[in-house]
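Remarks on the structure that follows.
Keep in mind that the numbers below use all heavy atoms, side chains included, and drop hydrogens, waters and symmetry copies.
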Amino acid sequence: MRERIYLCLAHMSGKEQDFIKEAFDTNWVVPMGPNVNGFEKDLESFVNKRIGAGPLDKKVVGLSAGTAAVHLALLACGVGQGDEVLVQTFTFCASSHPITYLGATPVFVDSEKDSWNMDPDLLEEAIKDRIAKTGRKPKAIVPVALYGMPYKIDRIMEIAGRYGIPVIEDAAEGLGSRYNGQVLGTFGKYGVLSFNGNKMITTSGGGALICGNEADAKEILFYATQARESYPYYQHEHIGYNYRMSNICAGIGRGQMTIIDDHIAHHKHVQELYCELLKDVGGIRMHTNPSSEYDSNFWLCTATLDPDLKIKGQQDAYKHVITGAVGGAAGVTHAAKTAVTDCQPNANVEALRMALDAANVEARPLWKPMHKQPVYRNAPAYVNGISEDLFKVGICLPAGPYVSDEDVSYIVKTIKDSIEI
(Lines give C-alpha, C1' and ligand atoms only; values in the text may rest on other atoms or scores of the structure.)
Protein backbone atom coordinates (compact mmCIF):
# COMPACT_ATOMS: atom_id res chain seq x y z
CA MET A 1 0.00 0.00 0.00
CA ARG A 2 1.32 3.42 -0.96
CA GLU A 3 2.24 5.67 1.95
CA ARG A 4 -0.41 8.29 2.74
CA ILE A 5 -0.04 11.55 0.77
CA TYR A 6 -1.18 14.50 2.86
CA LEU A 7 -2.46 17.85 1.65
CA CYS A 8 0.33 19.90 3.16
CA LEU A 9 2.90 19.09 5.82
CA ALA A 10 5.79 21.43 6.49
CA HIS A 11 9.30 20.08 5.95
CA MET A 12 12.05 20.41 8.57
CA SER A 13 15.46 21.80 7.56
CA GLY A 14 17.63 20.34 10.32
CA LYS A 15 18.37 23.82 11.68
CA GLU A 16 15.35 23.68 13.96
CA GLN A 17 17.01 21.34 16.47
CA ASP A 18 19.96 23.72 16.88
CA PHE A 19 17.68 26.61 17.88
CA ILE A 20 15.59 24.37 20.16
CA LYS A 21 18.71 22.99 21.85
CA GLU A 22 19.93 26.54 22.42
CA ALA A 23 16.62 27.39 24.09
CA PHE A 24 16.93 24.43 26.47
CA ASP A 25 20.63 25.05 27.11
CA THR A 26 19.93 28.67 28.09
CA ASN A 27 16.70 27.75 29.94
CA TRP A 28 14.57 30.02 27.72
CA VAL A 29 11.58 27.65 27.74
CA VAL A 30 8.99 30.42 28.04
CA PRO A 31 6.63 32.50 25.85
CA MET A 32 9.39 35.00 24.99
CA GLY A 33 13.13 34.95 24.47
CA PRO A 34 15.97 35.25 21.94
CA ASN A 35 14.39 32.89 19.41
CA VAL A 36 11.16 34.90 19.42
CA ASN A 37 13.10 38.11 18.82
CA GLY A 38 15.19 36.46 16.11
CA PHE A 39 12.18 34.91 14.37
CA GLU A 40 10.42 38.28 14.31
CA LYS A 41 13.48 39.89 12.71
CA ASP A 42 13.68 37.09 10.12
CA LEU A 43 10.02 37.61 9.28
CA GLU A 44 10.47 41.37 9.01
CA SER A 45 13.33 40.90 6.54
CA PHE A 46 11.14 38.58 4.48
CA VAL A 47 7.90 40.57 4.39
CA ASN A 48 9.56 43.96 3.84
CA LYS A 49 11.21 42.98 0.55
CA ARG A 50 9.41 44.25 -2.55
CA ILE A 51 10.09 43.24 -6.13
CA GLY A 52 10.77 46.29 -8.28
CA ALA A 53 10.49 48.76 -5.40
CA GLY A 54 12.27 49.82 -2.23
CA PRO A 55 11.84 47.90 1.04
CA LEU A 56 9.06 48.49 3.53
CA ASP A 57 9.50 49.02 7.27
CA LYS A 58 6.81 46.81 8.80
CA LYS A 59 7.17 45.30 12.28
CA VAL A 60 6.21 41.75 13.23
CA VAL A 61 4.98 40.38 16.57
CA GLY A 62 5.18 36.61 17.12
CA LEU A 63 2.02 35.11 18.65
CA SER A 64 0.62 31.77 19.74
CA ALA A 65 -1.66 31.34 16.71
CA GLY A 66 -2.94 33.05 13.59
CA THR A 67 -6.34 33.21 15.29
CA ALA A 68 -4.75 35.17 18.13
CA ALA A 69 -3.34 37.57 15.52
CA VAL A 70 -6.80 38.16 14.08
CA HIS A 71 -8.20 38.72 17.58
CA LEU A 72 -5.55 41.27 18.58
CA ALA A 73 -5.74 43.11 15.26
CA LEU A 74 -9.49 43.53 15.70
CA LEU A 75 -8.98 44.69 19.27
CA ALA A 76 -6.39 47.24 18.13
CA CYS A 77 -8.84 48.54 15.52
CA GLY A 78 -11.32 49.29 18.30
CA VAL A 79 -13.74 46.45 17.62
CA GLY A 80 -16.04 45.83 20.55
CA GLN A 81 -19.52 44.93 21.71
CA GLY A 82 -22.18 45.75 19.13
CA ASP A 83 -19.76 46.65 16.31
CA GLU A 84 -19.72 45.11 12.84
CA VAL A 85 -16.76 43.81 10.85
CA LEU A 86 -16.79 43.06 7.12
CA VAL A 87 -15.15 39.70 6.48
CA GLN A 88 -14.77 37.43 3.48
CA THR A 89 -17.29 34.60 3.61
CA PHE A 90 -15.14 32.15 1.61
CA THR A 91 -12.65 31.30 4.36
CA PHE A 92 -11.80 29.19 7.38
CA CYS A 93 -13.65 30.02 10.62
CA ALA A 94 -10.56 31.61 12.22
CA SER A 95 -11.19 34.71 10.07
CA SER A 96 -14.61 35.30 11.65
CA HIS A 97 -14.70 33.62 15.07
CA PRO A 98 -12.48 36.28 16.75
CA ILE A 99 -15.02 38.92 15.72
CA THR A 100 -17.54 37.19 17.93
CA TYR A 101 -14.99 36.89 20.78
CA LEU A 102 -15.23 40.68 21.04
CA GLY A 103 -19.01 40.76 21.03
CA ALA A 104 -19.11 42.12 17.48
CA THR A 105 -21.00 40.82 14.45
CA PRO A 106 -19.34 39.47 11.29
CA VAL A 107 -20.86 40.81 8.09
CA PHE A 108 -19.99 38.39 5.31
CA VAL A 109 -18.97 39.50 1.83
CA ASP A 110 -18.93 37.11 -1.12
CA SER A 111 -16.20 36.48 -3.69
CA GLU A 112 -15.33 37.57 -7.20
CA LYS A 113 -14.65 34.86 -9.77
CA ASP A 114 -11.04 35.74 -10.66
CA SER A 115 -9.22 35.23 -7.35
CA TRP A 116 -12.14 33.63 -5.45
CA ASN A 117 -11.57 36.30 -2.77
CA MET A 118 -13.54 39.30 -1.49
CA ASP A 119 -15.48 41.10 -4.23
CA PRO A 120 -14.62 44.83 -4.02
CA ASP A 121 -17.91 45.89 -5.63
CA LEU A 122 -19.90 43.84 -3.13
CA LEU A 123 -17.69 45.19 -0.35
CA GLU A 124 -18.62 48.78 -1.16
CA GLU A 125 -22.28 47.83 -1.47
CA ALA A 126 -22.10 46.25 1.99
CA ILE A 127 -20.43 49.34 3.49
CA LYS A 128 -23.11 51.65 2.12
CA ASP A 129 -25.92 49.36 3.24
CA ARG A 130 -24.56 48.87 6.77
CA ILE A 131 -24.20 52.64 7.20
CA ALA A 132 -27.77 53.11 5.96
CA LYS A 133 -29.14 50.36 8.23
CA THR A 134 -27.13 51.02 11.41
CA GLY A 135 -25.99 54.63 11.11
CA ARG A 136 -22.38 53.49 11.72
CA LYS A 137 -19.46 52.33 9.62
CA PRO A 138 -18.13 48.81 10.07
CA LYS A 139 -15.01 48.85 12.26
CA ALA A 140 -12.73 46.79 9.98
CA ILE A 141 -12.44 44.91 6.69
CA VAL A 142 -10.93 41.40 6.61
CA PRO A 143 -10.03 40.05 3.14
CA VAL A 144 -8.54 36.53 3.02
CA ALA A 145 -5.83 35.03 0.80
CA LEU A 146 -7.77 31.88 -0.02
CA TYR A 147 -5.34 28.97 -0.52
CA GLY A 148 -2.59 31.57 -0.95
CA MET A 149 -4.21 33.47 -3.82
CA PRO A 150 -3.89 37.27 -3.50
CA TYR A 151 -7.05 39.37 -3.22
CA LYS A 152 -7.73 42.53 -5.22
CA ILE A 153 -5.96 44.53 -2.55
CA ASP A 154 -5.51 47.71 -4.61
CA ARG A 155 -9.27 48.12 -4.99
CA ILE A 156 -10.00 46.98 -1.44
CA MET A 157 -7.53 49.51 -0.03
CA GLU A 158 -8.96 52.30 -2.21
CA ILE A 159 -12.49 51.60 -0.99
CA ALA A 160 -11.37 51.26 2.62
CA GLY A 161 -9.50 54.55 2.37
CA ARG A 162 -12.52 56.43 1.07
CA TYR A 163 -14.64 55.25 3.99
CA GLY A 164 -11.89 55.43 6.61
CA ILE A 165 -12.10 51.74 7.58
CA PRO A 166 -8.90 49.85 8.55
CA VAL A 167 -7.98 46.69 6.64
CA ILE A 168 -6.77 43.55 8.43
CA GLU A 169 -5.31 41.20 5.83
CA ASP A 170 -5.80 37.56 6.70
CA ALA A 171 -2.75 36.17 4.91
CA ALA A 172 -2.61 33.04 7.07
CA GLU A 173 -2.62 30.88 3.93
CA GLY A 174 -0.66 33.42 1.89
CA LEU A 175 2.81 33.65 3.44
CA GLY A 176 5.09 34.64 0.56
CA SER A 177 2.28 35.37 -1.89
CA ARG A 178 2.62 38.74 -3.59
CA TYR A 179 0.44 41.27 -5.36
CA ASN A 180 2.37 43.53 -7.75
CA GLY A 181 5.59 42.36 -6.13
CA GLN A 182 4.56 43.18 -2.55
CA VAL A 183 4.08 40.50 0.12
CA LEU A 184 0.51 39.97 1.30
CA GLY A 185 -0.13 41.24 4.81
CA THR A 186 1.85 44.45 4.26
CA PHE A 187 -0.84 46.55 2.53
CA GLY A 188 -3.36 47.00 5.33
CA LYS A 189 -3.10 48.32 8.87
CA TYR A 190 -2.37 44.78 10.04
CA GLY A 191 -1.49 41.48 8.36
CA VAL A 192 -2.12 38.04 9.84
CA LEU A 193 0.29 35.10 9.40
CA SER A 194 -0.08 31.48 10.52
CA PHE A 195 2.54 28.83 11.23
CA ASN A 196 0.22 25.92 11.90
CA GLY A 197 1.61 22.49 11.02
CA ASN A 198 0.02 22.56 7.58
CA LYS A 199 1.14 26.05 6.50
CA MET A 200 4.02 27.15 4.27
CA ILE A 201 6.34 27.04 7.27
CA THR A 202 5.50 25.84 10.74
CA THR A 203 6.36 26.50 14.36
CA SER A 204 4.17 23.46 15.22
CA GLY A 205 1.53 26.05 16.08
CA GLY A 206 1.83 29.79 16.20
CA GLY A 207 1.22 32.90 14.19
CA ALA A 208 2.30 36.51 13.83
CA LEU A 209 0.88 39.95 13.23
CA ILE A 210 2.45 42.35 10.74
CA CYS A 211 2.15 45.91 12.08
CA GLY A 212 2.59 49.21 10.29
CA ASN A 213 4.98 50.77 12.77
CA GLU A 214 6.79 50.33 16.07
CA ALA A 215 4.04 51.96 18.13
CA ASP A 216 1.37 49.57 16.78
CA ALA A 217 3.67 46.59 17.39
CA LYS A 218 4.26 47.65 21.00
CA GLU A 219 0.51 47.97 21.57
CA ILE A 220 -0.07 44.45 20.18
CA LEU A 221 2.75 43.09 22.33
CA PHE A 222 1.19 44.76 25.40
CA TYR A 223 -2.13 42.96 24.89
CA ALA A 224 -0.39 39.68 23.95
CA THR A 225 1.43 39.58 27.30
CA GLN A 226 -1.54 39.97 29.66
CA ALA A 227 -1.53 43.80 29.48
CA ARG A 228 0.91 44.15 32.34
CA GLU A 229 1.86 47.66 33.46
CA SER A 230 5.43 48.66 34.41
CA TYR A 231 5.22 48.20 38.17
CA PRO A 232 7.38 45.91 40.32
CA TYR A 233 4.23 43.88 40.90
CA TYR A 234 1.44 42.76 38.56
CA GLN A 235 -0.73 45.78 37.77
CA HIS A 236 -3.46 45.42 35.12
CA GLU A 237 -5.47 48.36 33.78
CA HIS A 238 -6.68 46.58 30.66
CA ILE A 239 -7.77 43.04 29.82
CA GLY A 240 -4.86 41.22 28.21
CA TYR A 241 -4.23 37.78 26.71
CA ASN A 242 -1.61 35.05 26.94
CA TYR A 243 -0.88 35.13 23.22
CA ARG A 244 2.93 35.45 23.01
CA MET A 245 4.82 32.85 20.97
CA SER A 246 7.04 30.48 22.93
CA ASN A 247 10.81 30.50 22.56
CA ILE A 248 10.72 26.80 21.62
CA CYS A 249 8.20 27.32 18.82
CA ALA A 250 10.10 30.35 17.58
CA GLY A 251 13.25 28.23 17.40
CA ILE A 252 11.46 25.93 14.99
CA GLY A 253 10.38 29.01 13.04
CA ARG A 254 13.93 30.32 12.76
CA GLY A 255 15.00 27.04 11.24
CA GLN A 256 12.03 27.10 8.88
CA MET A 257 12.95 30.57 7.64
CA THR A 258 16.13 29.10 6.14
CA ILE A 259 14.03 27.06 3.71
CA ILE A 260 10.94 29.24 3.18
CA ASP A 261 11.95 30.18 -0.37
CA ASP A 262 12.45 26.49 -1.19
CA HIS A 263 8.98 25.69 0.17
CA ILE A 264 7.32 28.40 -1.92
CA ALA A 265 9.20 27.31 -5.04
CA HIS A 266 8.15 23.70 -4.46
CA HIS A 267 4.47 24.59 -4.09
CA LYS A 268 4.62 26.56 -7.34
CA HIS A 269 6.34 23.64 -9.07
CA VAL A 270 3.64 21.22 -7.89
CA GLN A 271 0.97 23.61 -9.18
CA GLU A 272 2.64 23.74 -12.60
CA LEU A 273 2.88 19.95 -12.70
CA TYR A 274 -0.84 19.53 -11.92
CA CYS A 275 -1.67 22.05 -14.66
CA GLU A 276 0.49 20.20 -17.18
CA LEU A 277 -0.77 16.71 -16.36
CA LEU A 278 -4.44 17.71 -16.18
CA LYS A 279 -4.55 20.11 -19.13
CA ASP A 280 -6.07 17.55 -21.50
CA VAL A 281 -8.53 16.10 -18.97
CA GLY A 282 -11.97 17.41 -19.84
CA GLY A 283 -14.14 18.67 -17.02
CA ILE A 284 -11.31 19.49 -14.59
CA ARG A 285 -9.79 22.97 -14.30
CA MET A 286 -6.97 24.10 -12.03
CA HIS A 287 -7.30 27.48 -10.33
CA THR A 288 -4.37 29.63 -11.47
CA ASN A 289 -3.09 33.20 -11.08
CA PRO A 290 -5.69 35.41 -12.83
CA SER A 291 -3.07 37.83 -14.24
CA SER A 292 0.53 38.99 -13.87
CA GLU A 293 -0.25 41.08 -10.75
CA TYR A 294 -1.01 37.88 -8.85
CA ASP A 295 1.77 35.68 -7.49
CA SER A 296 0.21 32.97 -5.33
CA ASN A 297 2.29 30.68 -3.15
CA PHE A 298 -0.22 27.92 -4.04
CA TRP A 299 -0.36 26.78 -0.44
CA LEU A 300 -2.90 24.27 -1.70
CA CYS A 301 -3.54 23.44 -5.34
CA THR A 302 -7.25 23.69 -6.09
CA ALA A 303 -9.37 22.48 -8.98
CA THR A 304 -12.98 22.64 -10.05
CA LEU A 305 -14.98 19.79 -11.55
CA ASP A 306 -17.60 20.33 -14.21
CA PRO A 307 -20.98 19.32 -12.72
CA ASP A 308 -21.50 16.99 -15.70
CA LEU A 309 -18.21 15.14 -15.12
CA LYS A 310 -19.02 11.57 -14.09
CA ILE A 311 -16.91 10.02 -11.36
CA LYS A 312 -17.10 6.31 -10.58
CA GLY A 313 -19.07 5.65 -7.41
CA GLN A 314 -20.79 9.01 -7.21
CA GLN A 315 -24.09 7.21 -6.71
CA ASP A 316 -22.72 6.26 -3.28
CA ALA A 317 -21.72 9.78 -2.26
CA TYR A 318 -23.22 10.99 1.02
CA LYS A 319 -24.83 7.60 1.70
CA HIS A 320 -23.13 7.25 5.08
CA VAL A 321 -22.25 9.59 7.95
CA ILE A 322 -18.50 10.26 8.08
CA THR A 323 -17.08 8.73 11.27
CA GLY A 324 -13.36 8.41 10.50
CA ALA A 325 -12.54 11.98 11.55
CA VAL A 326 -13.97 11.58 15.06
CA GLY A 327 -11.19 11.02 17.57
CA GLY A 328 -8.50 11.56 14.96
CA ALA A 329 -5.55 13.92 14.83
CA ALA A 330 -7.77 16.78 13.68
CA GLY A 331 -9.41 16.93 17.09
CA VAL A 332 -12.95 16.22 15.87
CA THR A 333 -15.08 15.04 18.81
CA HIS A 334 -18.65 15.54 17.58
CA ALA A 335 -20.08 12.94 15.24
CA ALA A 336 -22.18 14.31 12.39
CA LYS A 337 -25.91 13.98 12.86
CA THR A 338 -26.70 13.44 9.18
CA ALA A 339 -24.78 12.54 6.04
CA VAL A 340 -25.93 15.66 4.21
CA THR A 341 -26.42 19.39 4.79
CA ASP A 342 -28.23 22.08 2.84
CA CYS A 343 -24.95 23.24 1.27
CA GLN A 344 -22.38 20.65 0.24
CA PRO A 345 -20.11 19.70 -2.67
CA ASN A 346 -21.62 17.93 -5.67
CA ALA A 347 -21.74 14.14 -5.66
CA ASN A 348 -18.93 13.90 -8.20
CA VAL A 349 -16.62 16.00 -5.99
CA GLU A 350 -17.37 13.78 -2.99
CA ALA A 351 -16.90 10.65 -5.14
CA LEU A 352 -13.48 11.91 -6.27
CA ARG A 353 -12.51 12.69 -2.68
CA MET A 354 -13.54 9.15 -1.72
CA ALA A 355 -11.57 7.64 -4.61
CA LEU A 356 -8.46 9.59 -3.65
CA ASP A 357 -8.91 8.62 -0.01
CA ALA A 358 -9.11 4.95 -1.01
CA ALA A 359 -5.82 5.48 -2.88
CA ASN A 360 -4.25 6.92 0.33
CA VAL A 361 -4.37 10.49 -0.93
CA GLU A 362 -5.79 13.23 1.29
CA ALA A 363 -8.07 15.64 -0.60
CA ARG A 364 -10.71 17.98 0.73
CA PRO A 365 -13.52 20.18 -0.52
CA LEU A 366 -13.01 23.95 -0.56
CA TRP A 367 -13.88 25.93 2.57
CA LYS A 368 -17.61 26.00 3.17
CA PRO A 369 -18.71 29.68 3.02
CA MET A 370 -19.20 31.14 6.47
CA HIS A 371 -22.62 32.56 5.65
CA LYS A 372 -23.78 28.95 5.11
CA GLN A 373 -22.46 27.76 8.47
CA PRO A 374 -25.23 27.09 11.03
CA VAL A 375 -23.42 29.10 13.71
CA TYR A 376 -23.68 32.21 11.50
CA ARG A 377 -27.20 31.70 10.23
CA ASN A 378 -28.32 35.10 11.56
CA ALA A 379 -25.29 37.12 10.48
CA PRO A 380 -25.73 39.74 7.72
CA ALA A 381 -24.36 38.55 4.37
CA TYR A 382 -23.88 40.19 0.98
CA VAL A 383 -23.71 37.35 -1.49
CA ASN A 384 -23.63 36.81 -5.23
CA GLY A 385 -23.57 33.00 -5.28
CA ILE A 386 -19.93 32.66 -6.34
CA SER A 387 -18.55 31.11 -3.14
CA GLU A 388 -21.47 28.68 -2.91
CA ASP A 389 -21.03 27.67 -6.55
CA LEU A 390 -17.30 27.14 -6.07
CA PHE A 391 -17.85 25.13 -2.90
CA LYS A 392 -20.09 22.76 -4.85
CA VAL A 393 -17.50 22.04 -7.55
CA GLY A 394 -14.09 22.58 -5.92
CA ILE A 395 -11.48 20.26 -4.46
CA CYS A 396 -8.06 20.75 -2.81
CA LEU A 397 -5.15 18.59 -3.93
CA PRO A 398 -1.90 17.88 -2.01
CA ALA A 399 0.88 20.43 -2.48
CA GLY A 400 3.25 20.25 0.49
CA PRO A 401 7.04 19.86 0.51
CA TYR A 402 6.71 16.09 0.92
CA VAL A 403 4.66 15.82 -2.29
CA SER A 404 7.04 14.59 -5.00
CA ASP A 405 6.71 14.64 -8.78
CA GLU A 406 5.98 10.91 -8.56
CA ASP A 407 3.21 11.63 -6.06
CA VAL A 408 1.60 14.20 -8.36
CA SER A 409 1.70 11.71 -11.23
CA TYR A 410 0.09 9.10 -8.99
CA ILE A 411 -2.61 11.54 -7.87
CA VAL A 412 -3.39 12.56 -11.44
CA LYS A 413 -3.52 8.91 -12.56
CA THR A 414 -5.94 8.19 -9.72
CA ILE A 415 -8.11 11.10 -10.86
CA LYS A 416 -8.07 9.93 -14.48
CA ASP A 417 -8.87 6.36 -13.46
CA SER A 418 -11.83 7.62 -11.42
CA ILE A 419 -13.53 9.27 -14.38
CA GLU A 420 -16.26 7.28 -16.11
CA ILE A 421 -15.59 7.09 -19.84
- Task: Evaluate the criterion side-chain contact (heavy atoms from CB on, under 4.5 Å) for residue pair Met286 and Thr302; output intermediate values, then yes/no.
- Result: CA-CA 6 Å; Met286 296 298 298; Thr302 57; over 6 Å; no
Are any side-chain N or O atoms of [X] and backbone N or O atoms of [Y], one a donor and one an acceptor, separated by less than 3.5 Å?
| X | Y | result |
| --- | --- | --- |
| Glu388 | Gly385 | no |
| Asn196 | Asn198 | no |
| His287 | Met149 | no |
| Glu169 | Phe187 | yes |
| Gln256 | Ile201 | no |
| Tyr318 | Pro345 | yes |
| Glu112 | Pro120 | no |

May I ask you to test the [X]-[Y] pair for a side-chain heavy-atom distance under 4.5 Å?
| X | Y | answer |
| --- | --- | --- |
| Leu356 | Glu362 | no |
| Arg155 | Asp121 | yes |
| Ile411 | Tyr274 | yes |
| Ser194 | Glu173 | no |
| Asp405 | Leu273 | yes |
| Val107 | Pro138 | no |
| Glu272 | Cys275 | no |
| Val60 | Cys211 | no |

For the [atom1] atom of [X] and the [atom2] atom of [Y], what is their distance to the nearest 0.5 Å?
| X | Y | atom1 | atom2 | answer |
| --- | --- | --- | --- | --- |
| Tyr6 | Asn360 | OH | CG | 8.0 Å |
| Leu221 | Leu209 | CG | CG | 11.0 Å |
| His263 | Trp299 | NE2 | CH2 | 14.5 Å |
| Ile165 | Ile141 | CD1 | CD1 | 4.5 Å |
| Phe195 | Ile252 | CZ | CD1 | 12.0 Å |
| His269 | Phe298 | NE2 | CZ | 13.5 Å |

If we ignore angles and hydrogens, is there a donor and acceptor under 3.5 Å between the side chains of [X] and [Y]?
| X | Y | value |
| --- | --- | --- |
| Ser115 | Tyr294 | no |
| Asp170 | Ser95 | yes |
| Tyr234 | Gln226 | no |

Could you give the side-chain donor-acceptor pairs of residues 82-89 under 3.5 Å, partners two or more places apart or in another chain?
{"residue": "Asp83", "atom": "OD1", "partner": "Arg136", "partner atom": "NH1", "Å": "3.1"}
{"residue": "Asp83", "atom": "OD2", "partner": "Gly80", "partner atom": "N", "Å": "2.8"}
{"residue": "Asp83", "atom": "OD2", "partner": "Lys139", "partner atom": "NZ", "Å": "3.3"}
{"residue": "Glu84", "atom": "OE1", "partner": "Arg130", "partner atom": "NE", "Å": "2.9"}
{"residue": "Glu84", "atom": "OE2", "partner": "Arg130", "partner atom": "NH2", "Å": "2.7"}
{"residue": "Gln88", "atom": "OE1", "partner": "Met118", "partner atom": "N", "Å": "2.9"}
{"residue": "Gln88", "atom": "OE1", "partner": "Val144", "partner atom": "N", "Å": "3.0"}
{"residue": "Gln88", "atom": "NE2", "partner": "Phe90", "partner atom": "O", "Å": "3.0"}
{"residue": "Gln88", "atom": "NE2", "partner": "Asn117", "partner atom": "OD1", "Å": "3.1"}
{"residue": "Gln88", "atom": "NE2", "partner": "Val144", "partner atom": "O", "Å": "3.3"}
{"residue": "Thr89", "atom": "OG1", "partner": "Met370", "partner atom": "N", "Å": "3.1"}
{"residue": "Thr89", "atom": "OG1", "partner": "His371", "partner atom": "N", "Å": "2.9"}
{"residue": "Thr89", "atom": "OG1", "partner": "His371", "partner atom": "ND1", "Å": "2.8"}

- Note on the structure: Contacts satisfying side-chain hydrogen bond (donor to acceptor under 3.5 Å, both in side chains) that involve residues 99-109 (not counting sequence neighbours) are none
- Item | Any pair counted as side-chain hydrogen bond (donor to acceptor under 3.5 Å, both in side chains), so long as it reaches residues 65-75, sequence neighbours left out | His71-Tyr243
Shortest non-hydrogen contact between [X] and [Y], atoms and distance:
| X | Y | answer |
| --- | --- | --- |
| Tyr147 | Pro365 | OH-O, 4.2 Å |
| Val270 | Ala399 | CG1-CA, 4.0 Å |
| Ala76 | Tyr190 | CB-OH, 3.3 Å |

- Item | Other residues, nucleotides, ligands: >12 heavy atoms within 6.0 Å of Arg285 CZ | no
Tell me, please, which residues at least two apart from [X] pass side-chain contact (heavy atoms from CB on, under 4.5 Å).
| X | answer |
| --- | --- |
| Thr338 | none |
| Asn180 | Glu293 |
| His238 | Phe222, Tyr223, Ala227, Glu229 |

- Could you go step by step and tell me if Asp407 and Arg2 meet the salt bridge (charged side-chain N to carboxylate O under 4.0 Å, His left out) rule? CA-CA 10 Å; Asp407 291 335; Arg2 168 177 277 271; 2.7 Å; yes
- side-chain contact (heavy atoms from CB on, under 4.5 Å) assessment of Phe391 paired with Trp367: CA-CA 7 Å; Phe391 176 59; Trp367 297 125; over 6 Å; no
- Does Asp119 pair with Lys152 as a salt bridge, N-O distance under 4.0 Å? no
- Task: Output all residues satisfying side chain to side chain donor-acceptor pair (under 3.5 Å) with Asp110, sequence neighbours left out; order by chain, then residue number.
- Result: Ser387
- Is there a side-chain contact (heavy atoms from CB on, under 4.5 Å) between Leu397 and Leu300 once you walk through the steps? CA-CA 7 Å; Leu397 301 174; Leu300 290 182; over 6 Å; no
- Let me see the working for Ile168 and Val192 under side-chain contact (heavy atoms from CB on, under 4.5 Å), right down to the final yes or no. CA-CA 7 Å; Ile168 300 168; Val192 173; 4.0 Å; yes
- Please list, chain by chain and in numerical order, all residues satisfying salt bridge (Lys or Arg N to Asp or Glu O under 4.0 Å) with Lys59, sequence neighbours excluded. Asp57
Using the salt bridge (charged side-chain N to carboxylate O under 4.0 Å, His left out) rule, collect all pairs that involve [range], keeping only residues at least two apart or in two chains.
| range | result |
| --- | --- |
| residues 245-269 | Lys268-Asp295 |
| residues 31-45 | Glu40-Arg244, Lys41-Glu44 |
| residues 159-168 | Glu124-Arg162, Glu158-Arg162 |
| residues 187-199 | Lys189-Asp216 |

